[in-house]
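Here the structure is a predicted model, which is why all the values come from computation and not from measurement. We use all heavy atoms of the structure for the numbers below, so side chains are in, but hydrogens, waters and symmetry mates are not. Atoms within each ligand, like the ligands themselves, are counted from 1 in listed order.
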Amino acid sequence: MQVADKVVVVTGGANGIGKALCDAFHRAGAARVVVADVDGAAARAVAADIHGAAFKCDVAKEKDVLHVIEETERQFGPIALFCSNAGIGGGFDPLSVNAGGDSDEPFARSWAIHVMAHIYAARHLIPRYKARGGGYFLNTISAAGLLSQVGSPAYSTTKHAAVGFAENLAISHKAHNIRVSILCPQGVDTNMLRSIPKGPQSGDGDLSPEQVAQDALKGIEQETFVILPHPQVLGYMRRKTENYDRWIAGMAKIQARMREDFGK
Ligand SMILES: NC(=O)c1ccc[n+]([C@@H]2O[C@H](COP(=O)([O-])OP(=O)(O)OC[C@H]3O[C@@H](n4cnc5c(N)ncnc54)[C@H](O)[C@@H]3O)[C@@H](O)[C@H]2O)c1
């Protein structure tokens, strides 16, 4: 799909990868880019630079996601591309004392933002996309959704679930001309990466959000399901499926090193 002349929504668009996506879509000629973020002031600042529009929105709340969709379509016309990009880096424990944690909170919060938000977008856009013959979802997930995130069971689990939902979304609605891409980078130089413990996510180098946005744009133009800004991830996926036990053993070594580094 070409984004030129299209109405595009980006959640978590006020910072990092989302902001870079907004800039890239604007430069590619989108008719209107809507920046939806829980940080309303930062969303307005991004929108002001790209003649876009901003909505304060908590993607964990269905009514907020629905409001963004309804208001965008009322003010600017049909949404062609909805990017569920908002995310949080919660639940990190580099020592991994207990993968089950000691409370539901980090799991529930990550579940709401990384999974339910994507489901809400689909729930309210699928009928609209079907009625007008198609549409596009770009879901920012992570290489952690395909591999794992050493040091965060909440992040790993919810990003895997997000991949599962996106696969099913793509399968269920291919016949309706609805396309889905998942954006799965490793480390990207953003506030989120800076807020979590340093780890293997940066092993192949941290990319700039602008580079990742360019890769996303190319993936959307080519309608590719998995977009891998770090191409090494494909090799890691192959090694994982080739021999799961060897892969778990390798990841456990990385975990042991992390425990040692952070335990000092
Ligand atoms: N930075 C990385 O290394 C990296 C790697 C892989 C995947 N990702 C994913 O990329 C996405 C963007 O992350 P980023 O690195 O740009 O982070 P970031 O912290 O720079 O930006 C995230 C944005 O999401 C917004 N946000 C958070 N919770 C929200 C909510 N409930 N409702 C609406 N907006 C909300 C924040 O206000 C912020 O503007 C996330 O889904 C993240 O998991 C990041």
With under 30° as parallel and over 60° as perpendicular, where do the rings of Trp247 and Tyr244 fit, or are they tilted in between? perpendicular
Side-chain donor-acceptor pairs under 3.5 Å in residues 24-36, sequence neighbours left out?
from: His26; atom 1: ND1; to: Ile50; atom 2: O; distance (Å): 3.1
from: Arg32; atom 1: NH1; to: His51; atom 2: O; distance (Å): 3.4

Give the ring-plane orientation class for His67 versus Phe55, where under 30° counts as parallel, over 60° as perpendicular and anything between as tilted. perpendicular
To the nearest 0.5 Å, atom OH of Tyr120 lies from atom OG1 of Thr11 at 13.5 Å
Let me know which protein residues bring a heavy atom to under 4.0 Å of ligand 1; chain then number is fine for ordering. Gly12, Ala14, Asn15, Gly16, Ile17, Asp37, Val38, Cys57, Asp58, Val59, Asn85, Ala86, Gly87, Ile88, Arg109, Ile113, Thr140, Ile141, Ser142, Tyr155, Lys159, Pro185, Gln186, Gly187, Val188, Thr190, Asn191, Met192, Leu193
Do Lys240 and Met251 have side chains that get closer than 4.5 Å, going by heavy atoms? no
Determine the sole option in Arg246, Arg238, Arg239 for which the salt bridge (charged side-chain N to carboxylate O under 4.0 Å, His left out) test with Glu242 is passed. Arg246
